[in-house]
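Predicted model only: the values in this text are computed from it and were never measured. We count residues from 1, following the sequence as given.
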Amino acid sequence: MSQLKAWRSAIIHCIADPKEVGVEQAYEYFEDGMLIVKDDKIQAIGHAADLLPTLDCDTLVEHHPDGLITPGFIDTHIHYPQTDMIGSYGEQLLTWLNTYTFPEEGKFHDKTHARDVADRFLKELLRNGTTTALVFGTVHKVSVDAFFEASEVHNLRMICGKVMMDRNAPDFLTDTPETSYQESKELIDTWHNKGRLHYAITPRFAPTSSDEQLKLAGKLLNEYDDVYMHTHLSENKDECAWVQDLFPESKNYLDVYDQHKLLSERSVFAHGIHLCDSEYHRLHETGSAIAFCPTSNLFIGSGLFKLNKAEEHKVNVGMGTDVGGGTSFSMLQTLNEAYKVIQLQNENLSPIKSLYLATLGGAKALRLEDKIGNLAVGTEADFVILDKKATPLLSSRLALSKGIEESLFVFMTLGDDRAIKATYSAGQCVHQR
């Protein structure tokens with residue numbers, strides 16, 4: 001018989017988008033809550049007083065009186081090969097790619113190196129409470145094999161893809177339209193839907209792919225019902241101008257991808273800072289999503305993401321750390337910066353909306369909301385235990401909190417990897433501080 005496991009703690013999770021139903025209706029909070037897991041699924045969630053009497057006397061209950069349980073965080077845009085170049089100084093996007101990114105990614109032809117970085121990358125994610133991520137590999141097929149092999153060890157729900165890049169990049173990092181198509185196809189057949197793993201067709205961004213390569217990427221997306229498409233969009237003004245020069249027939253940046261049939265319900269575009277109304281409309285129309293990456297947008301000086309415009313056009317949005325342009329693996333710190341990005345536009349980002357973007361919103365962007373993103377009965381038991389006493393400052397500040405929304409905001413402002421007491425994937429502990 002399967003063993004029930006139970007955790008008793010304060011618990012919060014989102015059940016809807018606050019923009020659609022209002023903040024108060026968007027979440028469930030249990031001040032003294034209980035989460036019951038059977039095998040790898042959520043069996044029950046509710047008030048401890050209601051659920052304790054339903055448990056057998058031999059059920060182990062793990063009690064965290066100073067904890068707060070949330071769903072595992074979901075990172076909708078990150079580059080695992082950039083782990084070792086995080087915090088690289090002083091350039092904007094296009095120079096940054098040539099100075100730092102491309103030389104670093106060149107090392108990933110070596111599978112031993114790729115696996116070492118993948119293991120360390122996943123350890124960082126789990127230390128920070130992230131249980132699912134949409135991940136860039138490099139142009140090398142072995143970089144994706146190494147990543148999926150490392151993810152499989154911990155039974156993580158992860159999405160990754162081989163970069164497709166056949167121009168405007170160093171020779172040691174380019175493929176061809178044909179090899180990118182064939183190698184991506186082989187990786188899909190090997191890894192997609194194997195356990196909790198998924199594949200993403202991954203043209204780096206429009207400038208580094210020829211028309212022929214983008215066309216074949218679109219062909220791949222059409223050939224498989226449920227693979228993802230992951231790329232960059234309108235991150236930097238110079239990049240946008242370059243795209244217009246390279247693709248003069250396109251109406252705008254998004255139209256380049258649209259013409260090559262790369263917009264779909266499983267297409268995720270990182271950044272989307274400099275978009276016009278017709279681009280937002282087309283993203284909504286096709287069910288495509290945007291990954292909001294505040295730490296990298298600030299660090300590389302790209303601009304401020306307009307969350308209100310995405311909401312106005314009903315475009316799905318998830319959070320992305322975008323390491324290594326992003327400066328932290330911590331979703332808490334990423335939400336800290338997101339708040340500031342929205343503040344600079346004379347608006348506010350509520351703590352509940354922040355939690356939504358980092359959990360259920362990310363799951364919806366990835367079309368995985370039936371599996372992950374909240375703690376609803378029947379979903380996979382990916383969750384995090386936050387520690388209210390992780391640091392002296394966090395402890396003293398939370399003691400003055402007047403409610404769960406304020407407590408969440410304090411975690412998102414002062415919290416980092418130290419605030420993550422434990423991370424669980426499919427009901428198994430994969431990180432414990």
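Contact check for V227 versus R266: no side-chain heavy atoms found under the 4.5 Å cut-off. No side-chain heavy atom of F30 sits under 4.5 Å from any side-chain heavy atom of L35. V135 places a side-chain heavy atom less than 4.5 Å from the side chain of F121. You'll find the side chain of N348 stays beyond 4.5 Å of the side chain of I342, heavy atoms only. In this structure, the side chains of L375 and I11 come closer than 4.5 Å at one or more pairs of heavy atoms. Between L357 and L307, the closest side-chain pair of non-hydrogen atoms falls below 4.5 Å. At a threshold of 4.5 Å between non-hydrogen side-chain atoms, the residues H77 and L134 do not count as touching. Within the 4.5 Å cutoff, no side-chain heavy atoms of M412 are placed close to those of M331.
Of the possible donor and acceptor atoms, none in the side chain of T190 sits under 3.5 Å from a partner among the backbone N and O of L187. No side-chain donor-acceptor contact under 3.5 Å links S184 to the backbone of Y181. The closest donor-acceptor contact from the side chain of E124 to the backbone of F329 lies at 3.5 Å or more, if one exists at all. No donor-acceptor distance shorter than 3.5 angstrom exists from the side chain of Q43 to the backbone of V37, with no hydrogens or angles considered. Checked by atom type and distance alone, the side chain of S209 never pairs as donor or acceptor with a backbone atom of A206 at under 3.5 Å. No donor-acceptor pair closer than 3.5 Å links the side chain of D322 to the backbone N or O of G325. Side-chain N or O atoms of Q345 include one that pairs as donor or acceptor with a backbone N or O of F305 at under 3.5 Å. Side-chain atoms of T202 come within 3.5 Å of backbone atoms of A200 as a donor-acceptor pair (strictly under, hydrogens ignored). Looking at T132, its side chain does come within 3.5 Å of a backbone N or O of R157 through a donor-acceptor pair. Checked by atom type and distance alone, the side chain of H260 pairs as donor or acceptor with a backbone atom of V256 at under 3.5 Å.
By the neighbour-count criterion of 12 heavy atoms within 6.0 Å, atom NE2 of H64 is densely surrounded, having more than that number from other residues, nucleotides or ligands. For K364, the NZ atom is densely surrounded, since the number of other residues' heavy atoms within 6.0 Å is greater than 12. More than 12 heavy atoms of other residues, nucleotides or ligands sit less than 6.0 Å from atom CD of E406. By the 6.0 Å contact criterion, CZ on R397 is enclosed, its count of non-hydrogen atoms from other residues, nucleotides or ligands being greater than 12. Atom CD of E223 has more than 12 heavy atoms from other residues, nucleotides or ligands within 6.0 Å.
Counting only N and O atoms by type, the side chains of N308 and E347 include a donor and acceptor under 3.5 Å apart. The closest side-chain donor-acceptor pair between N168 and W242, if any, does not fall under 3.5 angstrom. With no hydrogens or angles considered, a side-chain donor-acceptor pair links T138 and S143 at under 3.5 Å. Side-chain contact of H284 with N316: a donor-acceptor pair under 3.5 Å is absent, judged by distance alone. For the 3.5 Å distance criterion, the side chains of S180 and Q213 qualify, holding a donor opposite an acceptor.
Of all heavy-atom pairs between A6 and I36, the closest is CB-CG1, 4.2 Å. For the residue pair A217 and L262, the shortest heavy atom distance occurs at C-CD2, 3.7 Å. Of all non-hydrogen atoms in T131 and T423, the two that sit nearest each other are CG2-CG2, 3.6 Å.
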**Prompt:** Passes salt bridge (Lys or Arg N to Asp or Glu O under 4.0 Å), D417 versus R127? Steps please.
**Reply:** CA-CA 6 Å; D417 59 298; R127 281 179 61 242; 2.4 Å; yes
**Request:** Evaluate side-chain hydrogen bond (donor to acceptor under 3.5 Å, both in side chains) for T174 paired with D166, printing each intermediate quantity in order.
**Result:** CA-CA 5 Å; T174 53; D166 68 340; over 6 Å; no
**Item:** Residue pair D32, H47: steps toward the side-chain hydrogen bond (donor to acceptor under 3.5 Å, both in side chains) verdict
**Value:** CA-CA 6 Å; D32 181 14; H47 298 287; over 6 Å; no
**Prompt:** Can you list the steps and then say if T321 with D75 is a side-chain hydrogen bond (donor to acceptor under 3.5 Å, both in side chains)?
**Reply:** CA-CA 6 Å; T321 61; D75 191 335; 2.5 Å; yes
**Request:** Using the salt bridge (Lys or Arg N to Asp or Glu O under 4.0 Å) rule, take D175 and K162 through it: C-alpha gap first, then chi angles, then the decisive distance, then the call.
**Result:** CA-CA 11 Å; D175 52 14; K162 182 200 105 66; 2.7 Å; yes
**Item:** ring-ring contact (aromatic ring centres under 6.0 Å, His included) evaluation trace for Y199 with H192
**Value:** CA-CA 5 Å; Y199 192 82; H192 186 57; 7.4 Å; no
**Message:** salt bridge (Lys or Arg N to Asp or Glu O under 4.0 Å), that's the test. Do E285 and K314 meet it? Break it down for me.
**Reply:** CA-CA 9 Å; E285 200 171 49; K314 295 184 168 60; over 6 Å; no
**Request:** Please lay out, stage by stage, how H79 and H232 fare under the test ring-ring contact (aromatic ring centres under 6.0 Å, His included).
**Result:** CA-CA 12 Å; H79 299 250; H232 298 86; 5.3 Å; yes
**Request:** Assess whether side-chain hydrogen bond (donor to acceptor under 3.5 Å, both in side chains) is satisfied between Q244 and Y253, documenting all intermediate values.
**Result:** CA-CA 7 Å; Q244 203 59 58; Y253 195 154; over 6 Å; no
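Applying the ring pair (Phe, Tyr, Trp, His ring centres under 6.0 Å) test between Y80 and each of F148, F108, F136 identifies F108 as the sole match. Tested against H13 for a side chain to side chain contact (heavy atoms under 4.5 Å, CB included), the candidates N374, T379, I69 yield a single pass: N374. Among the candidates K309, R282, K306, the single residue satisfying the salt bridge (Lys or Arg N to Asp or Glu O under 4.0 Å) test with D277 is K309. Here the rule is side chain to side chain contact (heavy atoms under 4.5 Å, CB included) with F269, and of V315, T76, L233, L275 only L233 fits it.
Under the 4.0 Å criterion applied to side-chain N and carboxylate O atoms, E186 and K141 are assigned as salt-bridge partners. Under 4.0 Å is where a charged nitrogen must lie from a carboxylate oxygen, and between K353 and E311 at least one such pair does. In this structure, E279 does not pair ionically with K251, as no charged nitrogen and carboxylate oxygen lie closer than 4.0 Å. Electrostatic pairing of R196 and D382 counts as a salt bridge here, judged by a charged N lying under 4.0 Å from a carboxylate O. A salt bridge is defined here as a Lys NZ or Arg NE, NH1 or NH2 lying under 4.0 Å from an Asp or Glu carboxylate O, and R418 with D416 meets this definition. By the 4.0 Å N-to-carboxylate-O rule, R120 lies close enough to D84 to be salt-bridged with it.
Between Y228 and H198, the angle of the ring planes goes over 60°, which puts this pair in the perpendicular group of the 30/60° scheme.
The aromatic ring centres of F409 and Y339 sit less than 6.0 Å apart.
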